[in-house]
Protein chains: 2
Amino acid sequence: MIYSSELIKGTLKTIVLKLLADNKKMYGYEISQKVKELTLNKIQITEGALYPTLHALEDEGLVTVETEFIGKRVRKYYSLSSSGKSKTKEKVNELADFMNTMKFLLDIKTKTA
Amino acid sequence: MIYSSELIKGTLKTIVLKLLADNKKMYGYEISQKVKELTLNKIQITEGALYPTLHALEDEGLVTVETEFIGKRVRKYYSLSSSGKSKTKEKVNELADFMNTMKFLLDIKTKTA
DNA sequence: ATTAATGCATAAGATTATTATGTATATTTG
DNA sequence: CAAATATACATAATAATCTTATGCATTAAT
């Protein structure tokens, strides 16, 4: 099962930031594979979503970029800036709070069958 | 604190369906107030989001509508159809599953501080 | 009387994803 | 060794879904 795409909306940036917080330094393709792996294929980030998101994070100053060449192939490593680190905490906390609220909403009268 | 709007995206339909499942019959304004109340003002559904959503649910055959007049003011009561009931279970389960996955993603290396 | 609350609706704009396409190198497999 | 698959980036067109703004109208509160 892959989650319907609407659910991912709004959480992608937070996911990317959190992965960078945990792994210090990652490149785009690596991020997409890591998410796929960690979620047992339930969340698959498309390239069309991921790369624009990384560019946006860069524009906002939340990540820094280093380009590396593996042979002739390019890799762009992303790392959190200091503002990126605090932003990550904010976003993760907000999402955790949101999930608790949603859990509460969805649990009301669970016995309604 | 009000959640940043991206988070609500994708969950609104599920929230509305779940409220209808728990309350049998609700009208738009009532739904918006109930969500506000239950979430301690953290989720505030705007009218521009709610009414189109209700119309979409109706178009999809997931809810049925009864119009009532309270004095001269109109109210549109929405109820789940039978397909709406099964759809609600699906959506609620999917969202619950998604939240577990997200919780797992966000909890990795919680002690990173 | 004026403001706030109730109650619906929709259009313009923004955001953010999907889908499709493009380019190129490296590895695996038949 | 040729073809397919995986790696690795990028972006444009399209779709979905929300915010913001606007509109109309009734009822309650100050």
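Please read these numbers as outputs of a predicted model, since none were measured by experiment. Residue numbers start from 1 in every chain, and the chains themselves are labelled A, B, ... in the order their sequence lines are given, proteins ahead of strands.
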- Query: Listed by chain and number, what are the side chain to side chain contact (heavy atoms under 4.5 Å, CB included) partners of B/Asn93, not counting sequence neighbours?
  - Reply: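 Per chain and number, B/Asn93 pairs via side chain to side chain contact (heavy atoms under 4.5 Å, CB included) with no residue.
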- Keeping the roles fixed (side chain from A/Ser81, backbone from A/Leu62), state whether a donor-acceptor pair exists under 3.5 Å.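 Indeed, once roles are kept as given, a pair shorter than 3.5 Å links the two residues.
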- Message: Checking the side chain of B/Thr53 only, and the main-chain atoms of B/Leu12 only, is there a donor and an acceptor separated by less than 3.5 Å?
- Response: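 It does not hold such a pair.
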Output the rounded distance in Å from [atom1] ([X]) to [atom2] ([N]).
X	N	atom1	atom2	answer
A/Lys91	C/dT16	NZ	P	8 Å
B/Leu54	C/dG7	CG	P	14 Å
B/Leu50	D/dT17	CG	P	15 Å
B/Lys13	D/dA16	NZ	P	10 Å
B/Tyr77	C/dT6	OH	C1'	12 Å
A/Phe69	C/dA26	CZ	P	11 Å
B/Tyr27	C/dA5	OH	P	15 Å
B/Glu60	D/dT17	CD	P	9 Å

Which one, [options], comes nearest to the side chain of [X]?
X	options	answer
B/Lys76	C/dA9, D/dT11, C/dT18	C/dA9
B/Gln33	D/dT11, C/dT19, C/dT6	C/dT6
B/Tyr29	C/dA5, C/dA9, D/dC9	C/dA5
B/Ala49	D/dT19, D/dT17, C/dC8	D/dT19

- Lys/Arg-Asp/Glu bridge criterion (N-O < 4.0 Å) met for A/Glu60, A/Lys13: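 Yes, A/Glu60 and A/Lys13 are salt-bridged.
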- Message: Check B/Glu68 with B/Lys25, please: is the shortest side-chain N to carboxylate O separation under 4.0 Å?
- Response: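 Salt bridge between B/Lys25 and B/Glu68, a charged N being under 4.0 Å from a carboxylate O: yes.
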Check the phosphate of [N] against [X], side-chain N and O only, distance under 4.0 Å to OP1 or OP2. Yes or no?
X	N	answer
A/Tyr51	D/dA10	no
B/Thr53	D/dC18	yes
B/Lys9	D/dT19	no
B/His55	C/dC8	no

- Message: Using a heavy-atom cut-off of 4.0 Å across all strands, would you classify A/Gly28 as base, sugar-phosphate, or nothing?
- Response: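 Sugar-phosphate only.
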- Query: For B/Thr101 and A/Tyr3, does a side-chain donor sit closer than 3.5 Å to a side-chain acceptor?
  - Reply: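 Checked: B/Thr101/A/Tyr3 side chains pair up, N/O donor to acceptor below 3.5 Å.
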- Query: Among B/Tyr78, B/Phe69, B/Tyr77, which one satisfies ring pair (Phe, Tyr, Trp, His ring centres under 6.0 Å) with B/Tyr27?
  - Reply: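 For B/Tyr27, the ring pair (Phe, Tyr, Trp, His ring centres under 6.0 Å) check succeeds only for B/Tyr77.
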Give me the distances for all protein-to-nucleotides 22-26 of chain D N/O pairs that come in under 3.5 Å?
from: D/dT26; atom 1: O2; to: B/Arg73; atom 2: NH1; distance (Å): 2.4

